[in-house]
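First up is the structure itself, then whatever we jot down about it.
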Amino acid sequence: MSHSELGDAGTGVTNSSPVPAVQLSGIAKRFGAVVACDNVDLALARGRIHGLLGENGAGKSTLMKMLIGLVLPDAGTIAIDGKTESIHDPLTASALGIGMVHQHFSLVDALAVWENVTLGDAGRLDPNATRNRIGEISEQYGLVIDPDKRVGDLTAGLRQRVEIIKCLRRDPSIVIFDEPTSVLTPEESEQLFESLRHVVAAENRAVVLVSHKLDEVLHATDDITIMRQGRVVDQRYSTDADAPTLARAMVGREVSLRSERAALGIHSLDDTDLDDVEPVEPDTVLPATAQPVLRIDRAVAHDADGVVALDEFSLEMHSGEIVGVAGVEGNGQRALGDVLSSLLTLSSGTVAVDGAVVPTGKSGAMAEAGIGVIPEDRHDSGLVLDMTVAENLVLVDQSRAATRGLIDQRRLHAFTEEMIEQFNISCGGPTAPMWSVSGGNQQRVVLARELSQEPKILVAAQPTRGLDVGAIEYMSHRLETAAASGVAVLLISSELEEILELSHRIIVMHSGRIVGEMSRAEANFETLGLLMGGAAA
Amino acid sequence: MTDATTAVDAVGSPDAQPGRTRRGARLSEWSALYAMSIFAALVLSAILVEATGGDWRPVVSALLDGSVRRPGRWGETLATAAPLLVVALGTVISSKAGLVNIGQEGQLYVGAAVGAYFGFLIGGPGPINVVLILIIGAAGGGLWAGVAAGLRYWRGVPEVLSTLLLVTVGGQAVAYSLRWEWLLLAPEGRRGNRNQVSEQLATDNRLPRPDFFGNEFPLTVFISVVLAVIVAFALSRTVWGFRLRMLGRNPRAAQRSGVSETRYGAMALMLGGAFAGLAGAAMLTGGGFAFGNYQMVPGFSANIGWTGLLVALVAYEKPLAAIPVAVVFAGLRTGSSFVGSTGVEGRITDVISGLLVLALLIPAAVMLLRDRRRARAAATERV
Ligand SMILES: Nc1ncnc2c1ncn2[C@@H]1O[C@H](COP(=O)(O)OP(=O)(O)OP(=O)(O)O)[C@@H](O)[C@H]1O
Ligand SMILES: [Mg+2]
């Protein structure tokens, strides 16, 4: 709990340069009753990558936003290269060479990649210069992207690349990454940090990495700071840390090893310990003669540009089973989720719940039929940021808080308090606007709503995105209980561990089709990896 | 200016909003902004008056006289505020659903004309006919906005364009109907010396105008305040309002949750029109000399639609806040009608009231711009 390994946190890690690039001292920030940061001291040294860990709502993003001038500290000082600065807006921060990749995207769908990258620039745009610059960065950091693609057509992973390029384009000497890898593949993030490491060393930059992937933090960073409830509770060198200790320091208790595996983001195709993972046998699966609860029959769907997203996709699910959907991002997973959210109309084919055909693209039809959805992008269709936490909890079905067309505030608040308690949502209370809630806690609101609605079918797309290790553990548990109680869970995930850990049956998607299907017992990284790459089953 | 993007992000990020503790600070910030811009407008007006050879003191005095001080004037101000408020409430409803209705002037005009037409046609017994005219007026305005809704949801025409265009079309249509006796034009003997005027509503077809301390105003004043309370309640406390706000703030979440964009959006747009139409019918039946004196005349709408839109804007889409804002705008209007008596040229008076309206709008515009950016960023943010 003490500032153990690094001695006095005030002076911090200064072995590569006498004056830290950034010195935060006594930083405090309150939002009403919520203490987001409480007397935080943090030093960032040049030439080093600093990991910032902590539970959802610990105050990581808030602390970083103070560095970039988006949030003003109530108390404390910020010194850049030894000089105390007042960073009251992002322009000041950028003039000081500080850049940040935010936890949530701020891209304009309708614009091309290069336009997004230059967004907000003053003066004339120079498309070719921008394209060239994007090319340079792509090459240097392994973030390949087509500058002329429309951002709306990109997968989450590619959007993340755009955000990172947008930040790196200005060559900031102090770079903050707020959960940049939650949508990147392990290979991508590895490459990113590999190249960052070189730049950091060569150009003497300072980098902060906020992440919930302990493994990644251990590999990519030099120093680690752990926050809990707005305070710094531990600081140490990465070489002196291991995942279980970090997890314990973060959450304040032991975290079960199994779900830790998913949280750690251990991805390696030759993972031989895999057999340690106890295969889950679907003992609740009904005999094959039983009517499937969900039947998708030769579904064909096109995305906004008319490109085929689902190609004769057929799937049957029975109540009580967890079906994992593996596949490289952008192979129709988003379309599948959208169809089951009534957001996309099928060109042909049908979706039936309990044998009854549900019209696609008709507002509310899927939800009414009993399909709950945790969307891969919570800000897209999962939340209304301008409404309150309580309102977001009854977004899909207001009936539990309404009598004869009127919202019953008392019942709404009682329900909200219950959900806040059950899902451990840390926020400013039921009436806090959704935008004020931290990323991981926003995700919890979505989970709370969809699970509490007791759906027949639950589509969970990247359900643990942004969650801390403790919450991931809880989530996995909730999904398993949901399945045990008869819910058919369709788990769409880009993390194979998550799929292998939870699924009874696994399907692999490629180019909008199912290219392989197997039971959990048959599945392993190797076959899945091959299938995901498009090899025939 | 190497890094304007981060600045955009700064304002744009929803997380960039100050916390609750800073709400007080923000409030005083806005008050200061209002004080400053109104003061600037007053100074500019004073300079203008002095420069054109007048004296600014009597002008200010006339403004106050016209809006509140002279006997009967605050009644007149309230009478003007009522239709402004009703128009603003409709505007609030459509903007909550994320729609930009700027055709209130036309919806009001058409509503009043339709109300008048059926009022004369039916000519039933007093009070019943008044209620009918109000209802038909609302229906007329609503259907007029319904044209825009139809264009938007079946043809994809943005409502900003269609509502605006329909102001012109509506104006032409009403002007046309004022030229034909089988439509609105009064019979030969009853036109007085005017040639485009409808008959006057019979005395028992008018809204009562109670008198308070020598100030009289039509019943619409009370009706409009009640409507403001109802709209505020409906938007914040009913499932319908909840779903409407959801549609306005995140159409995709709404689509998934069973809020049909076509149904709710069209409803919101038509309600906006219905409120404007109701305001028009209320002006007709509530009369007063300022509003055509119980009859349809060219230019009957008298910019109440436009001003009502501004009221909604300044009230920041809050139904209850629209009440005082409507009164202020009405006061500006009734007040500036007195300025002419100071010998200041009419055109200067127009410029002055324009300046004052602008002064009221500037802080709201700043506010709206901030909000828009935030909303846009929120809409485009992805995880
Ligand atoms: N603008 C704001 N208004 C009110 N409360 C806020 C605001 N911003 C953050 N908070 C609160 O401050 C706390 C810390 O939030 P922060 O976003 O810093 O958490 P975090 O450590 O980044 O968590 P996560 O891992 O979920 O992203 C949260 O409880 C959040 O609700
Ligand atoms: Mg965060």
Side-chain angles (χ1 to χ4, degrees), chain A residues 30-32 61 65 68-71 89-91 93-95 99 102 104-109 118-123 156 159 166 170 182-183 341-343 363-368 373 377-387 391 395-396 398 402 405-407 428 435-436 439 465-466, chain B residues 1-23 25 96 98 233-243 245-265 371 373-383:
Chain A
R30 295 175 67 107
F31 296 103
S61 298
K65 282 183 200 155
I68 196 93
L70 278 176
V71 172
D89 63 34
L91 281 182
S94 128
H102 291 273
H104 293 126
F105 295 172
S106 48
L107 300 173
V108 180
D109 277 4
T118 57
L119 206 67
D121 276 12
R159 283 157 185 264
K166 216 169 106 179
R170 298 194 174 82
S182 62
V183 296
S341 311
S342 301
L343 291 170
S363 72
M366 294 292 169
E368 196 131 299
V373 181
D377 176 352
R378 52 183 171 254
H379 286 188
D380 178 52
S381 62
L383 295 168
V384 183
L385 292 173
D386 284 306
M387 291 171 94
E391 288 176 324
L395 214 53
V396 182
Q398 295 87 41
L406 296 185
I407 308 258
W435 52 255
S436 75
R465 193 168 274 176
Chain B
M1 279 292 281
T2 50
D3 194 353
T5 303
T6 20
V8 169
D9 289 353
V11 196
S13 161
D15 308 63
Q17 281 297 299
R20 286 145 158 262
T21 43
R22 296 190 61 207
R23 196 170 281 172
K96 284 283 179 192
F233 180 82
L235 285 175
S236 64
R237 291 282 182 267
T238 66
V239 171
W240 175 80
F242 181 99
R243 292 161 79 91
R245 285 184 287 130
M246 201 198 310
L247 175 63
R249 294 306 195 173
N250 186 346
R252 278 173 68 84
Q255 162 75 12
R256 153 146 144 76
S257 311
V259 180
S260 150
E261 192 181 355
T262 312
R263 206 169 73 222
Y264 277 78
D371 188 55
R373 283 210 192 134
R374 187 158 70 79
R376 198 178 51 213
T380 51
E381 283 210 353
R382 295 289 183 268
V383 175

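Within every chain, numbering begins at 1; the chains are lettered A, B, ... in the order of the sequence lines, protein sequences first and strands thereafter.
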Say whether, by atom type as modelled, one donor and one acceptor occur between the side chain of Asn250(B) and the main chain of Leu383(A) under 3.5 angstrom.
yes
Atom of Ala253(B), atom of Leu395(A) and distance for their closest heavy-atom approach:
CB-CD2, 4.3 Å
Counting heavy-atom pairs under 4.5 Å with chain A, the top scorer among Gln255(B), Arg243(B), Arg263(B) is Gln255(B)
Indicate yes or no: at least one non-hydrogen side-chain atom of Met246(B) is less than 4.5 angstrom from one of Gln398(A).
yes
Pick whichever of Gly405(A), Ser342(A), Ser61(A) has the most heavy-atom pairs under 4.5 Å with chain B.
Gly405(A)
Using a cut-off of under 4.5 Å for heavy-atom pairs, which of Ser236(B), Gly258(B), Pro251(B) has the most such pairs with chain A?
Gly258(B)
Using non-hydrogen atoms only, which part of Met387(A) is less than 4.5 Å away from chain B: side chain, backbone, both, or neither?
side chain
Determine, step by step, whether Leu406(A) and Val239(B) satisfy the side-chain contact (heavy atoms from CB on, under 4.5 Å) criterion, reporting the C-alpha distance in whole Å, the side-chain angles of both residues, the deciding distance to 0.1 Å, and the verdict.
CA-CA 6 Å; Leu406(A) 296 185; Val239(B) 171; over 6 Å; no
Close side-chain approach of Arg256(B) and Val396(A), heavy atoms under 4.5 Å
yes
